[in-house]
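Counting starts at 1 for both ligands and their atoms, following the listed order. These numbers come from a predicted model, not from an experiment. Residues: numbered from 1 along the sequence shown.
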Amino acid sequence: MENGGAENGTLSITDNRTGARYDVDILEGDVIRAMDLRRIKVRDSDFGMMAYDPGFSNTANTRSTITYIDGSRGILQYRGYPIEQLAGKATFLEVAYLILKGELPASDELDVFRDEVRMHTYIHENLTKLIDAFRYNAHAMGMAISTVAAMSTFYPEARNIHDPENRWKQIVRLIAKMPTIAAFTYRHHKGLPLAYPDNALNYAQNFLSMLFRVGVREYEPHPALERALEVLFILHADHEQNCSTTAMRVIGSSQSDPYSAHAGAMAALFGPLHGGANEAVLRMLEEIGSTDNIPEFMESVKRGERRLMGFGHRVYKAYDPRASIIKETAHEVFEVLGKNPLLDIALELEKIALGEDYFIRRNLYPNVDFYSGLIYQSMGFPSEMFPLLFAIPRTVGWLTQWEEMVNDREQRIARPRQVYVGSEERPYAPSG
Ligand code: CMC
């Protein structure tokens, strides 16, 4: 960090084992360098002190200029712009440009970016054959992760990560092709012929068209549904150093190509504690089945037998601002498509949870995944597609974070330490 030094003050640490005192610089953001702890030793030959932090709950891996979250006040901003304003007024590609480049685009810059994305919406026919090789009931995320990983073999030049123009090309490719890959996994699952990209349409329209177009008929999505998808994409575009973004950065730190790192980030997103939570919420609501069954379900959550999916967050200790926007969007979608019958269960769960001591004491509020699945289901997506609907817009965040990491001279290969607690050295004795 360049702005180190004593201008932010110092921290004195006294080692009560030795009585020695260490002064450590406090850097911008109220952080100390973990490596400064290494000076703390009992004997000169000691390794020195480390911080033990499973799950990186209190460890900053980077300084970033992309996304700001204040978890206690429920604030989320991309490049300084409040999420509520972006979701209310901007388009997804405008927000993508903002996240990637740091500034909102002028209208000619946005036109160029839109054209670049349009140029890359088709995928190589051999990738469609790869998707075709999966069983009809393969999970959409499994198919998409494999397809993205395979892309590194189609674009071997992507391995030259030191060339900014080359990196930009792969970034645009991934943003353009993710909806196509997602739509093709859906058509494969349904046994429908593929609907190829229609580059006369905008990003959300084209995605919906590749999913739901039948025959040669033009597909015209209802404007409210198209807008709902744009809003959901904007809300999911980045969320600073979450599990999948950290996976992207960790894999990228060994200088592997962006497709391999992106496939790894998607794999991290797939888990039910992260981007797989939207699918898990839907399954949970279906399992509860009726508001009458909520009290029994809540008791099992309080006994620690299961989690209320779509609730809780590592960073937000207040209402997730994305969840409030999604809740409003859900009502707009249901005005067009009719109310999702699971909505009543979700609303009742939320009401009960927000009044229960168990949830209040732990600061557990609805997160982004609590209501999104209800919208997706009403729009006709099977639940296996939900994590993939998260991955499409998060592609922008992952690649921006990757680009930031590649350009950050302080970043090194990710390689945490461990505290070894296993056997001491012992001699090998052959078993036979
Ligand atoms: N239901 C019931 N109890 C919960 C829940 C929940 N959803 N979330 C946390 N807790 C409890 C947990 O049991 C623990 O209790 P105790 O102190 O008695 O042991 C306490 O709250 C703290 O939980 P934690 O697991 O230490 O918190 P974390 O910051 O490690 O985990 C989380 C965050 C999101 C993984 C967790 O809240 C969770 O599992 N939520 C459900 C899954 C979910 O909705 N994930 C989507 C997250 S938002 C979108 C995204 O990032 O992908």
- Is it true that Glu350 and Lys327 have a side-chain N and a carboxylate O under 4.0 angstrom from each other? yes

- Charged N to carboxylate O below 4.0 Å: is that the case for Asp344 and Lys339? yes

Residues in salt bridge (charged side-chain N to carboxylate O under 4.0 Å, His left out) contact with [X], at least two apart in sequence or another chain:
{"X": "Arg361", "value": "Asp357"}
{"X": "Arg187", "value": "none"}
{"X": "Arg79", "value": "none"}

- Message: Walk me through whether His274 and Ser244 qualify under side chain to side chain donor-acceptor pair (under 3.5 Å).
- Response: CA-CA 8 Å; His274 191 11; Ser244 55; 2.9 Å; yes

- Message: So if I only count non-hydrogen atoms and take anything under 4.0 Å from ligand 1, which residues does that give, chain by chain?
- Response: Pro272, Leu273, His274, Gly275, Ala277, Val301, Arg307, Leu308, Met309, Gly310, Phe311, Gly312, His313, Arg314, Tyr358, Arg362, Leu364, Asn367, Val368, Asp369, Phe390

